[in-house]
Amino acid sequence: MPNTTTYDVCLVGSGAGAGPVAYTLSKAGFKVLILEKGPWIKTENFTKDEITAVRRSVYTPNLKDEPQVIEAQNDKGEWVAKSNYETGNDFWNGNCVGGSSNFMSGYFHRLKPTDFKLLSQYGPIEGANIVDWPINYDDLEPYYAKVESLVGVSGKVVPHRFQEARSTADFPYPPLQENIISQWIDDAANQLEVDVIPIPRAILSKPKKDRNACYYSNFCGSYGCSSDAKGSSRAALLNEAINTGYCTIIPNAKVYHLETDGQGRIQTAHYYDANDSKQQVSATIFVVAAQAIETARLLLMSKNPEFPNGLANNQGQVGKNLIFSAGGVGSGQFFYDDLEPQQATALKQPGVFVNRSLYQWYEIDDAAFNQPIKGGTVDFLFEHANAISRLMRQKYNEDGTLLFGPALKQRAKEYFTKQRQLKFEVFADWLPNDNCFVTLDPEVTDKWNDPVARIRVGYHKHDLKVGRFLAKKAETILETMGAKNIQSSVSGNPPSNLVAGGCRFGQDPKTSVLNKDCQSHEVDNLFITDASFMPTGGSVTYTWTIYANAFRVADIVLKKLKSQSFL
């Protein structure tokens, strides 16, 4: 590929929203440049060390250098803003080539047709900015199928009451190996006559080209995959894009301004390189996929006379309607002494998966609500294998006093050798509202003296009602299985790894940032392909939908490049 600073497409970010675009366009022979703020960590450099992967800012920015300001309500209902350099609570995810797709657990659920029509299907909810999507399930279905093949999804299609239409009969890779507890969940569900289905995973059960199959390390979520079985953007798409000779990745490149030409088009991306020197690059089309919060922040920082409130923000919509995933968590314990010896031995088997999801209440028609409403899913999984984190949770007595010495040792021994904990995670729609958004903080800056993201994390009370309903249903599964010490917690605290919205797409430029093609209403050579485009999030994890939509948009950009409509 010729040495040039002018590209057909410049991508900001390299995760699930960027990989499909880079893959599609480079395969077609167009010159693609990826500017990634984080380092380029190769497969052989990922480690299963808990201190490195989880307890230190190795894969995410150091909060001293790159803080965020989180704005939440206190007990008096007042909004209080604190830098996460002080609190340690942040919304950074996967700051490296491949983004947070490197560290996902790979739970892959498609959105359902009703997710695209939340307003027309269920009606308005006071205080929630619910809208229908400008596309429908059928528009994304071919791309969901494409992700299954290219990224690699393992599983088994099992009919259930909310099964979406498919263009393929089954997943291209067989299910991953499962623990005996998966059968126990199935048995409990059958007894209760509710739908529990196997969870498809973006983890290879068989090798695919240069990627190895899963070797069941017992350390998956929050860890980079040292076999490349996990369907990260880096392993599944970017490596192949680079092999075309048409894709260039510049790591440690922090984009801080997108410059327009005075006629409403971006002409230059300005960034700091690994030496903190200012650089710039030109391209025909710019695609931003920096994750929802940072995408909104970049647009808001890119002010100029054409866009005094930030790029593509003359209607004041950038950063608005940020969404997360509503719900909560729960758990129950299975003590080995309560089981037959062969059952206990099978339950202890590490590494193999649970892979079960409760689908009975994706739509809720229950007396607890006045009318049918959108519900959600519950995914079952084992407690994470992280030993330090598990031990830390054992250090307090029931009255809150500190446990230490021989008593702590004895409790730790029993916890690690006498039982196994089954958890569940509840996923429901986080209703977009006027108190969940991104702005620029007026005082706090990062190490480059750029304003940091200020994130208000207000939630809608409806989310809690749905979450608690689903959690109780999941508890019933655990009770039927014979679990002990069953508990759950549902709150309005947003999960840091499930962030979307902020640049929603729609038909009306006054209420959306992007059109149905994820192209800016105001800047015709700007596309956004991370989760920012989502006006509502559905009741499942986002990654599969991000991948699918990015492939959809990649085809749109490809047609425009072939027709030279931007020249």
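Residues take their numbers from the sequence shown, with the count starting at 1. Since this is a predicted model, take the numbers as computed values, not measurements.
- At a threshold of 4.0 Å, the pair Arg552-Glu141 does not count as salt-bridged, since none of the basic side-chain nitrogens sits closer than that to a carboxylate oxygen.
- Using modelled atom types and a 3.5 Å distance limit, the side chains of Tyr415 and Gln421 yield a donor-acceptor pair.
- Side-chain N or O atoms of Arg420 include one that pairs as donor or acceptor with a backbone N or O of Leu347 at under 3.5 Å.
- The residues Asp379 and Arg356 are annotated as not salt-bridged, no charged nitrogen and carboxylate oxygen being separated by less than 4.0 angstrom.
- Every residue meeting the side chain to side chain donor-acceptor pair (under 3.5 Å) condition with Ser532, not counting sequence neighbours, appears here in chain and number order: Asp530.
- Using modelled atom types, one finds a donor on one side chain and an acceptor on the other under 3.5 Å when comparing Tyr215 with Ser226.
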- Query: Given the rule in the salt bridge (charged side-chain N to carboxylate O under 4.0 Å, His left out) test, do Arg211 and Glu240 qualify, once you have shown the distances and angles that lead to the verdict?
  - Reply: CA-CA 11 Å; Arg211 297 167 59 197; Glu240 291 203 34; over 6 Å; no
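- Using a 4.0 Å cut-off between charged side-chain N and carboxylate O, Arg411 and Glu414 make no salt bridge.
- Between Leu176 and Cys214 there is a side-chain heavy-atom pair separated by less than 4.5 Å.
- Here the side chain of Gln360 pairs a donor or acceptor atom with the backbone of Asp195 at under 3.5 angstrom.
- Ring centroids of Phe353 and Phe382 are separated by 6.0 Å or more, keeping the two rings apart.
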- Dump the intermediate steps for salt bridge (charged side-chain N to carboxylate O under 4.0 Å, His left out) on Arg390 and Glu50, then the final yes or no. CA-CA 11 Å; Arg390 293 165 67 193; Glu50 182 180 351; over 6 Å; no
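- Separating the CG atom in Asn433 from the CG atom in Asn321 is a distance of 8.0 Å, to the nearest 0.5 Å.
- Aromatic pair Tyr59/Phe46: ring centres closer than 6.0 Å.
- At most 12 heavy atoms of other shown residues, nucleotides or ligands fall within 6.0 angstrom of atom CD in Glu193.
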- Task: Carefully, step by step, assess Lys156 and Asp170 under the rule salt bridge (charged side-chain N to carboxylate O under 4.0 Å, His left out).
- Result: CA-CA 6 Å; Lys156 177 66 177 176; Asp170 213 335; 3.1 Å; yes
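- Atom CG of Asp434 has 12 or fewer neighbouring heavy atoms from other residues, nucleotides or ligands inside a 6.0 Å radius.
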- Hey, mind stepping through Val540 and Tyr362 against side-chain contact (heavy atoms from CB on, under 4.5 Å) and telling me if it holds? CA-CA 10 Å; Val540 295; Tyr362 205 82; 4.1 Å; yes
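- Remark: Trp361 CH2 to Phe162 CZ distance equals 10.0 Å, nearest 0.5 Å.
- Side chains of Asn239 and Arg234: a donor-acceptor N/O pair is absent below 3.5 angstrom, by distance only.
- Centroid-to-centroid, the aromatic rings of Phe469 and Phe369 come within less than 6.0 Å.
- The shortest side-chain heavy-atom distance between Ile181 and Val354 falls under the 4.5 Å cut-off.
- The number of heavy-atom neighbours closer than 6.0 Å to NZ of Lys48, taken from other residues, nucleotides and ligands shown, is above 12.
- Pairing each heavy atom of Ser227 with each of Thr43, the nearest pair is N-CG2, 4.4 Å.
- In this structure the side chain of Glu363 never reaches within 4.5 angstrom of the side chain of Arg161, judged on heavy atoms.
- Checked by atom type, the side-chain pair Gln291/Ser100 shows a donor-acceptor distance below 3.5 Å.
- Rounding to the nearest 0.5 Å gives a distance of 12.0 Å between CE of Met534 and CG of Leu322.
- Between Phe91 and Phe324, the ring-plane angle classifies as tilted under the 30° and 60° cut-offs.
- Put simply, CZ on Phe533 and SG on Cys503 are 12.0 Å apart, with the number rounded to the nearest 0.5 Å.
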- Starting from the C-alpha separation in whole Å, work towards a yes-or-no answer on salt bridge (charged side-chain N to carboxylate O under 4.0 Å, His left out) for Lys374 and Asp429. CA-CA 8 Å; Lys374 177 67 191 306; Asp429 288 81; 2.7 Å; yes
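- Side-chain contact check for Asn549 versus Cys518: some heavy-atom pair is nearer than 4.5 Å.
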- Message: Run the ring pair (Phe, Tyr, Trp, His ring centres under 6.0 Å) test on His109 and Tyr359 for me, step by step, so that the C-alpha distance in whole Å, both residues' side-chain angles and the decisive distance to 0.1 Å come before the verdict.
- Response: CA-CA 11 Å; His109 300 274; Tyr359 253 87; 5.6 Å; yes
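- Looking at Glu479 and Lys484, no side-chain N of the basic residue comes within less than 4.0 Å of a carboxylate O on the acidic one, giving no salt bridge.
- Atom-to-atom distance recorded for Arg201:CZ and Asn355:CG is 4.5 Å, nearest 0.5 angstrom.
- A ring-centre distance under 6.0 Å is not found for Tyr107 and Trp544.
- Between the CD atom of Gln333 and the NZ atom of Lys423 there is a distance of 12.5 Å, given to the nearest 0.5 Å.
- Ring planes of Tyr223 and Phe219: perpendicular class, angle over 60° (limits at 30 and 60°).
- Side-chain contact between Lys206 and Pro174: present, with at least one pair of heavy atoms (C-beta onward) separated by less than 4.5 Å.
- Asp75 CG: 12 or fewer foreign heavy atoms inside a 6.0 Å radius.
- Side chain of Asp187 to backbone of Asn190: no donor-acceptor contact under 3.5 angstrom is found.
- In this pair, Trp430 and Tyr459 present their aromatic rings perpendicular. The plane angle is above 60°, beyond the 30 to 60° band.
- Gln121 and Thr114 are not linked by any side-chain donor-acceptor pair at a separation below 3.5 angstrom, with hydrogens and angles left out of the test.
- Taking a cutoff of 4.0 Å between a charged side-chain nitrogen and a carboxylate oxygen, Glu475 and Arg468 do not qualify as a salt bridge.
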